[in-house]
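Report on the structure given below.
Values below: all heavy atoms of this structure, side chains included; hydrogens, waters and symmetry mates excluded. Atoms within each ligand, like the ligands themselves, are counted from 1 in listed order.
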Amino acid sequence: MTLVQLGPPRLRRKCRQVMVGTVPVGGDAPISVQSMTTTLTSDVDATLRQIAELTAAGCQIVRVAVPSQDDADALPRIARSSKIPVIADIHFQPRYVFAAIDAGCAAVRVNPGNIRQFDDKVKEIADAARNAGVPIRIGVNAGSLDKRLLVKYGRATPEALVESALWECSLFEEHGFRDIKISVKHHDPVVMIAAYRQLADRCDYPLHLGVTEAGPRFQGTVKSAVAFGVLLAGGIGDTIRVSLSAPPVEEVKVGAQILESLGLRPRQLEIVSCPSCGRAQVDVYKLAEEVTAAFDGFPVPLRVAVMGCVVNGPGEAREADLGVSSGNGKGQIFVRGEVVRTVPESQIVATLIEEAMNRDWTDPS
Ligand code: SF4
């Protein structure tokens, strides 16, 4: 694997770039966040409503499941009306791949473990995708690994996942088609990390990161953050999908937050709040929640410190754009390192908002 310097101290695995509609994936493109709709794709209005919600939450690429002809028939309207590129997710039926390409989908995901007779159709699929400028994601999943590889490896090991993906890629490569991105998902972050590391060393395709079936919101968030954090910090990964047993908007929020935490996309709101302790002179949990809610959607990225006492409070509050250090029923309000006011506890949130609104944050002075 070759790493390229993206400005100190960031390294990124060198790979090809594919275009998923208007969104570049791989190369030096920013890492994109994607999600998947949970509606019946054949219910076009509901699907477009959910895509609009995901778009508003920051989703950059959306995938829709295509398990039936009714779903395939819905693709032209969905692809035409969505504001973000739509990927058709195809299992079992090669003919839906052609339908998705004809429908104007920005990409197609195929699962080599599930698509039967797929290998015979590769030339046709490669020709259709190439003519339409549509990339293909080879999406290997531990839960549906090719039976041949399950027999060979005994279970979905990193080696088995990688072999499945690279075998499928080789079929496309035989026909000169390399407009490919790959995922090798597993529910266990340790296996998943090992699989992506191996894959990163053995090909130059862009990689779609995912911990599959990561679980409910809390567990899935932790698993995804751990796995993506390890890989992205090592320069591996070009687009991410957080899989949660929760509404897909949550997946997008978590994905965006992971990228922001790693400095891979500009921060929006960052709350620096202390965990509270026996010295706290304010209900820090409540105050942090209230400040978070009050600044949600604030148009300028800000770092806001919410601190429970004077031990670390003034230091953190001074480092942030805005901050409060609490004590004795009052809050010292900081703006860009200076104490500007001291207000009663009940006025802390309103004062922070007022101070935020009164500044031109684009002016660095
Ligand atoms: S800032 Fe004060 S209250 Fe908060 S954790 Fe630190 S010492 Fe405790």
For atom 2 (Fe) of ligand 1, the protein heavy atom that lies nearest, with its residue and separation
Cys309 SG, 2.2 Å
So does Cys277 have any N/O/S atom less than 2.8 Å away from atom 8 (Fe) of ligand 1?
yes
Quick check on Arg202: does its CZ atom have over 12 non-hydrogen neighbours (other residues, nucleotides or ligands) under 6.0 Å away?
no
Thinking salt bridges, do Lys152 and Glu163 make one under a 4.0 Å N-O criterion?
yes
Cationic N near anionic O, under 4.0 Å, Glu355 to Arg341
yes
Where ligand 1 meets Cys274 - atom numbers and elements under 4.0 angstrom, heavy-atom basis:
1 (S), 4 (Fe), 5 (S)
Should you measure from each heavy atom of Arg279, which atoms of ligand 1 turn up under 4.0 Å away?
7 (S)
Between Glu270 and Arg303, is there a side-chain N and carboxylate O pair less than 4.0 Å apart?
yes
The protein heavy atom nearest to atom 6 (Fe) of ligand 1 is Asn312 ND2, 3.8 Å
Numbering as shown, the atoms of ligand 1 that approach Ala280 to under 4.0 Å (heavy-atom distance)
3 (S)
Checking salt bridge (Lys or Arg N to Asp or Glu O under 4.0 Å) against Asp238, which of Arg16, Arg12, Lys181 comes through?
Arg12
